[in-house]
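Here the structure is laid out as C-alpha coordinates; the discussion comes afterwards.
Protein chains get the first letters and strands the later ones, always in sequence-line order, with residue 1 at the start of each. Below, each value reflects all heavy atoms present in this structure, side chains not excepted, and no hydrogens, waters or symmetry copies. It should be emphasised that the depicted structure is a prediction, and the values quoted were computed from it without experimental measurement.
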Amino acid sequence: MERIPILKMGEFLLVTIQVDMHDRLAMQLQDDLTDRISATGARGVLIDISALEMVDSFIGRMIANIAAMARILDAQTVVTGMQPAVAITLVELGLTLTGVRTALNVERGMTLLRSLLDEADGVAHDAIADREDADVGAEE
Amino acid sequence: MSVLKNDLMPVRTANDIVVVRQHVRALAIELGFSLVDQTKMVTAASELARNTLAHGGGGTARIEVVAANARRGLKMTFEDRGKGIADLELAMRDGYSTGGGLGLGLSGTRRLMNEFELQSKPGEGTRVSATRWK
(Lines give C-alpha, C1' and ligand atoms only; values in the text may rest on other atoms or scores of the structure.)
Protein backbone atom coordinates (compact mmCIF):
# COMPACT_ATOMS: atom_id res chain seq x y z
CA MET A 1 0.00 0.00 0.00
CA GLU A 2 1.04 3.57 -0.78
CA ARG A 3 2.51 5.39 2.24
CA ILE A 4 4.04 8.76 3.04
CA PRO A 5 7.56 8.22 4.40
CA ILE A 6 8.42 9.38 7.91
CA LEU A 7 12.09 10.23 8.55
CA LYS A 8 13.67 10.23 11.99
CA MET A 9 16.26 12.87 12.75
CA GLY A 10 17.48 12.85 16.35
CA GLU A 11 14.46 13.36 18.54
CA PHE A 12 12.35 14.70 15.65
CA LEU A 13 10.21 13.03 13.02
CA LEU A 14 10.06 14.65 9.58
CA VAL A 15 7.31 14.28 7.02
CA THR A 16 7.14 15.90 3.59
CA ILE A 17 3.81 15.57 1.86
CA GLN A 18 4.52 15.69 -1.86
CA VAL A 19 1.53 13.98 -3.39
CA ASP A 20 -2.10 14.93 -3.85
CA MET A 21 -3.35 12.88 -0.90
CA HIS A 22 -6.49 10.84 -1.12
CA ASP A 23 -8.40 10.39 2.12
CA ARG A 24 -7.09 6.93 2.98
CA LEU A 25 -3.50 8.07 2.57
CA ALA A 26 -4.14 10.96 4.94
CA MET A 27 -5.67 8.62 7.53
CA GLN A 28 -2.74 6.24 7.11
CA LEU A 29 -0.26 9.06 7.78
CA GLN A 30 -2.12 9.98 10.95
CA ASP A 31 -1.91 6.38 12.21
CA ASP A 32 1.72 5.90 11.13
CA LEU A 33 2.86 9.10 12.81
CA THR A 34 1.25 8.29 16.15
CA ASP A 35 2.79 4.80 16.01
CA ARG A 36 6.21 6.22 15.24
CA ILE A 37 6.04 8.87 18.00
CA SER A 38 5.20 6.18 20.49
CA ALA A 39 7.80 3.71 19.16
CA THR A 40 10.70 6.19 18.92
CA GLY A 41 9.83 8.50 21.79
CA ALA A 42 10.20 11.44 19.40
CA ARG A 43 9.68 14.83 21.02
CA GLY A 44 8.83 16.78 17.89
CA VAL A 45 7.08 16.33 14.54
CA LEU A 46 7.68 18.55 11.53
CA ILE A 47 5.24 18.29 8.64
CA ASP A 48 6.26 20.14 5.49
CA ILE A 49 3.33 20.90 3.19
CA SER A 50 5.10 23.25 0.76
CA ALA A 51 4.32 20.89 -2.13
CA LEU A 52 0.65 20.65 -1.18
CA GLU A 53 -1.51 22.64 -3.58
CA MET A 54 -4.67 22.25 -1.58
CA VAL A 55 -5.74 21.70 2.01
CA ASP A 56 -9.43 20.97 2.41
CA SER A 57 -11.33 20.41 5.66
CA PHE A 58 -10.43 16.71 5.64
CA ILE A 59 -6.68 17.26 5.38
CA GLY A 60 -6.98 20.20 7.77
CA ARG A 61 -8.66 17.97 10.30
CA MET A 62 -5.95 15.36 9.84
CA ILE A 63 -3.25 17.94 10.56
CA ALA A 64 -5.09 19.15 13.65
CA ASN A 65 -5.58 15.53 14.81
CA ILE A 66 -1.89 14.75 14.40
CA ALA A 67 -0.96 17.79 16.46
CA ALA A 68 -3.46 16.85 19.18
CA MET A 69 -2.37 13.21 19.34
CA ALA A 70 1.30 14.19 19.33
CA ARG A 71 0.70 16.57 22.23
CA ILE A 72 -0.85 13.78 24.27
CA LEU A 73 2.20 11.65 23.46
CA ASP A 74 4.48 14.46 24.70
CA ALA A 75 5.59 15.66 21.27
CA GLN A 76 5.28 19.10 19.63
CA THR A 77 4.08 19.52 16.04
CA VAL A 78 5.04 22.24 13.57
CA VAL A 79 3.56 22.54 10.06
CA THR A 80 5.81 24.31 7.59
CA GLY A 81 5.73 25.80 4.11
CA MET A 82 2.04 26.39 3.57
CA GLN A 83 1.53 28.13 0.23
CA PRO A 84 -0.11 31.59 0.48
CA ALA A 85 -2.99 30.53 -1.80
CA VAL A 86 -3.64 27.56 0.47
CA ALA A 87 -3.61 29.78 3.56
CA ILE A 88 -6.07 32.24 1.99
CA THR A 89 -8.40 29.40 1.00
CA LEU A 90 -8.22 27.74 4.42
CA VAL A 91 -9.23 30.91 6.22
CA GLU A 92 -12.09 31.56 3.82
CA LEU A 93 -13.22 27.97 4.24
CA GLY A 94 -13.36 28.66 7.98
CA LEU A 95 -10.53 26.41 9.05
CA THR A 96 -8.19 28.05 11.53
CA LEU A 97 -6.06 25.03 12.51
CA THR A 98 -6.33 25.94 16.19
CA GLY A 99 -3.53 24.46 18.25
CA VAL A 100 -1.27 23.83 15.25
CA ARG A 101 2.07 25.65 15.22
CA THR A 102 3.27 26.82 11.83
CA ALA A 103 6.50 28.16 10.36
CA LEU A 104 7.30 29.63 6.94
CA ASN A 105 9.87 27.01 6.00
CA VAL A 106 11.58 23.87 7.28
CA GLU A 107 14.55 25.77 8.68
CA ARG A 108 12.39 28.06 10.80
CA GLY A 109 10.24 25.07 11.70
CA MET A 110 13.21 23.22 13.15
CA THR A 111 14.23 26.29 15.15
CA LEU A 112 10.68 26.62 16.47
CA LEU A 113 10.55 22.91 17.41
CA ARG A 114 13.82 23.20 19.33
CA SER A 115 12.65 26.27 21.23
CA LEU A 116 9.31 24.60 22.01
CA LEU A 117 11.18 21.62 23.43
CA ASP A 118 13.54 23.78 25.48
CA GLU A 119 10.52 25.61 26.82
CA ALA A 120 8.72 22.34 27.66
CA ASP A 121 11.82 20.92 29.35
CA GLY A 122 12.39 24.17 31.20
CA VAL A 123 8.84 24.11 32.57
CA ALA A 124 9.23 20.46 33.62
CA HIS A 125 12.51 21.36 35.32
CA ASP A 126 10.96 24.27 37.16
CA ALA A 127 8.08 22.09 38.31
CA ILE A 128 10.47 19.52 39.77
CA ALA A 129 12.54 22.25 41.38
CA ASP A 130 9.39 23.81 42.86
CA ARG A 131 8.32 20.46 44.29
CA GLU A 132 11.75 19.91 45.81
CA ASP A 133 11.58 23.36 47.35
CA ALA A 134 8.17 22.57 48.74
CA ASP A 135 9.43 19.27 50.18
CA VAL A 136 12.31 21.04 51.86
CA GLY A 137 9.85 23.60 53.21
CA ALA A 138 7.65 20.86 54.68
CA GLU A 139 10.52 19.27 56.51
CA GLU A 140 11.51 22.46 58.21
CA MET B 1 -25.54 31.02 -19.78
CA SER B 2 -24.00 28.84 -22.46
CA VAL B 3 -21.98 25.70 -21.89
CA LEU B 4 -18.63 25.50 -23.72
CA LYS B 5 -17.44 22.26 -22.23
CA ASN B 6 -19.09 19.55 -20.20
CA ASP B 7 -17.48 16.57 -18.47
CA LEU B 8 -19.31 14.01 -16.37
CA MET B 9 -17.17 12.15 -13.86
CA PRO B 10 -17.94 9.42 -11.34
CA VAL B 11 -17.59 10.03 -7.60
CA ARG B 12 -17.54 6.50 -6.24
CA THR B 13 -14.20 6.14 -4.45
CA ALA B 14 -11.78 8.29 -2.45
CA ASN B 15 -9.53 8.29 -5.48
CA ASP B 16 -12.30 9.76 -7.66
CA ILE B 17 -12.17 12.84 -5.40
CA VAL B 18 -8.50 13.28 -6.36
CA VAL B 19 -9.31 12.85 -10.07
CA VAL B 20 -12.12 15.46 -9.88
CA ARG B 21 -9.77 17.87 -8.06
CA GLN B 22 -7.11 17.48 -10.73
CA HIS B 23 -9.61 17.98 -13.53
CA VAL B 24 -10.92 21.19 -11.91
CA ARG B 25 -7.34 22.41 -11.49
CA ALA B 26 -6.54 21.74 -15.17
CA LEU B 27 -9.65 23.57 -16.40
CA ALA B 28 -9.08 26.50 -14.01
CA ILE B 29 -5.55 26.91 -15.38
CA GLU B 30 -6.86 26.68 -18.94
CA LEU B 31 -9.37 29.44 -18.18
CA GLY B 32 -6.60 31.66 -16.82
CA PHE B 33 -7.77 31.84 -13.18
CA SER B 34 -5.24 33.16 -10.65
CA LEU B 35 -3.49 30.71 -8.33
CA VAL B 36 -5.65 31.78 -5.39
CA ASP B 37 -8.83 31.30 -7.43
CA GLN B 38 -7.61 27.91 -8.68
CA THR B 39 -6.92 26.82 -5.11
CA LYS B 40 -10.36 27.96 -3.97
CA MET B 41 -12.09 26.04 -6.77
CA VAL B 42 -10.05 22.88 -6.24
CA THR B 43 -10.77 23.01 -2.52
CA ALA B 44 -14.49 23.57 -3.17
CA ALA B 45 -14.52 20.60 -5.56
CA SER B 46 -12.82 18.45 -2.95
CA GLU B 47 -15.33 19.37 -0.24
CA LEU B 48 -18.36 18.80 -2.45
CA ALA B 49 -17.03 15.54 -3.90
CA ARG B 50 -16.40 14.23 -0.40
CA ASN B 51 -19.96 15.14 0.61
CA THR B 52 -21.29 13.24 -2.41
CA LEU B 53 -19.25 10.21 -1.41
CA ALA B 54 -19.65 10.32 2.37
CA HIS B 55 -23.26 11.51 2.72
CA GLY B 56 -24.76 10.59 -0.65
CA GLY B 57 -23.14 7.18 -1.00
CA GLY B 58 -21.44 8.26 -4.23
CA GLY B 59 -22.72 9.94 -7.37
CA THR B 60 -21.46 12.11 -10.18
CA ALA B 61 -19.58 15.33 -10.76
CA ARG B 62 -20.38 17.47 -13.78
CA ILE B 63 -17.64 19.98 -14.51
CA GLU B 64 -18.56 22.66 -17.04
CA VAL B 65 -16.92 25.63 -18.66
CA VAL B 66 -19.71 28.20 -18.96
CA ALA B 67 -20.06 31.63 -20.50
CA ALA B 68 -22.44 34.52 -19.79
CA ASN B 69 -22.25 38.26 -20.47
CA ALA B 70 -18.82 37.93 -22.06
CA ARG B 71 -17.45 36.23 -18.95
CA ARG B 72 -16.33 32.68 -18.65
CA GLY B 73 -16.59 30.55 -15.57
CA LEU B 74 -16.27 27.11 -14.13
CA LYS B 75 -19.36 25.38 -12.86
CA MET B 76 -19.37 22.16 -10.87
CA THR B 77 -22.45 20.14 -10.10
CA PHE B 78 -22.43 17.19 -7.73
CA GLU B 79 -25.36 14.84 -7.68
CA ASP B 80 -26.23 11.77 -5.64
CA ARG B 81 -29.23 9.55 -5.01
CA GLY B 82 -28.53 9.24 -1.31
CA LYS B 83 -30.63 9.95 1.73
CA GLY B 84 -30.88 13.67 1.05
CA ILE B 85 -30.87 16.58 3.48
CA ALA B 86 -33.90 17.19 5.69
CA ASP B 87 -33.06 20.72 6.84
CA LEU B 88 -31.21 22.67 4.15
CA GLU B 89 -30.81 25.77 6.30
CA LEU B 90 -29.23 23.78 9.10
CA ALA B 91 -26.94 21.95 6.67
CA MET B 92 -25.61 25.28 5.41
CA ARG B 93 -24.66 26.44 8.89
CA ASP B 94 -21.00 26.61 9.95
CA GLY B 95 -20.11 23.84 12.32
CA TYR B 96 -23.17 21.68 11.68
CA SER B 97 -22.25 18.13 10.73
CA THR B 98 -23.96 14.77 10.67
CA GLY B 99 -20.90 12.95 9.42
CA GLY B 100 -18.51 13.57 12.29
CA GLY B 101 -16.65 16.21 10.28
CA LEU B 102 -16.06 19.85 11.02
CA GLY B 103 -19.30 20.96 9.40
CA LEU B 104 -17.55 23.36 7.04
CA GLY B 105 -18.10 21.49 3.78
CA LEU B 106 -21.19 23.31 2.50
CA SER B 107 -20.96 26.64 4.30
CA GLY B 108 -17.23 26.93 3.62
CA THR B 109 -17.59 25.98 -0.02
CA ARG B 110 -20.21 28.67 -0.56
CA ARG B 111 -17.66 31.25 0.57
CA LEU B 112 -15.10 29.93 -1.91
CA MET B 113 -17.38 30.24 -4.94
CA ASN B 114 -19.42 33.08 -6.54
CA GLU B 115 -22.66 31.17 -7.00
CA PHE B 116 -23.96 28.31 -4.95
CA GLU B 117 -27.13 26.28 -5.16
CA LEU B 118 -28.25 23.39 -2.99
CA GLN B 119 -31.25 21.22 -3.80
CA SER B 120 -32.21 18.16 -1.85
CA LYS B 121 -35.18 16.01 -0.94
CA PRO B 122 -35.05 13.48 1.89
CA GLY B 123 -34.90 9.99 0.42
CA GLU B 124 -34.26 11.21 -3.13
CA GLY B 125 -30.79 12.66 -3.11
CA THR B 126 -28.87 15.88 -3.27
CA ARG B 127 -27.66 18.19 -5.99
CA VAL B 128 -25.19 20.97 -5.30
CA SER B 129 -23.84 23.30 -7.91
CA ALA B 130 -21.25 26.02 -7.53
CA THR B 131 -19.80 28.46 -10.06
CA ARG B 132 -16.86 30.79 -10.08
CA TRP B 133 -16.57 33.51 -12.71
CA LYS B 134 -13.36 34.76 -14.21
Interface moiety of B/I17 toward chain A, non-hydrogen atoms closer than 4.5 Å: side chain
Region of B/R110 that comes under 4.5 Å of a non-hydrogen atom in chain A: neither
Any donor-acceptor N or O pair under 3.5 Å, side chains B/T52, B/E79: no
Contact origin within B/R111 toward chain A - heavy atom pairs under 4.5 Å: both
Residues B/N15 and B/T13: side-chain donor-acceptor under 3.5 angstrom: no
Distance-only donor-acceptor check, side chains A/D48 and A/T80, under 3.5 Å: yes
Under 3.5 Å: donor-acceptor pair, side chain of A/Q76, backbone of A/L116: no
Largest heavy-atom contact set with chain B, pairs under 4.5 Å, which of A/Q83, A/M21, A/E92: A/E92
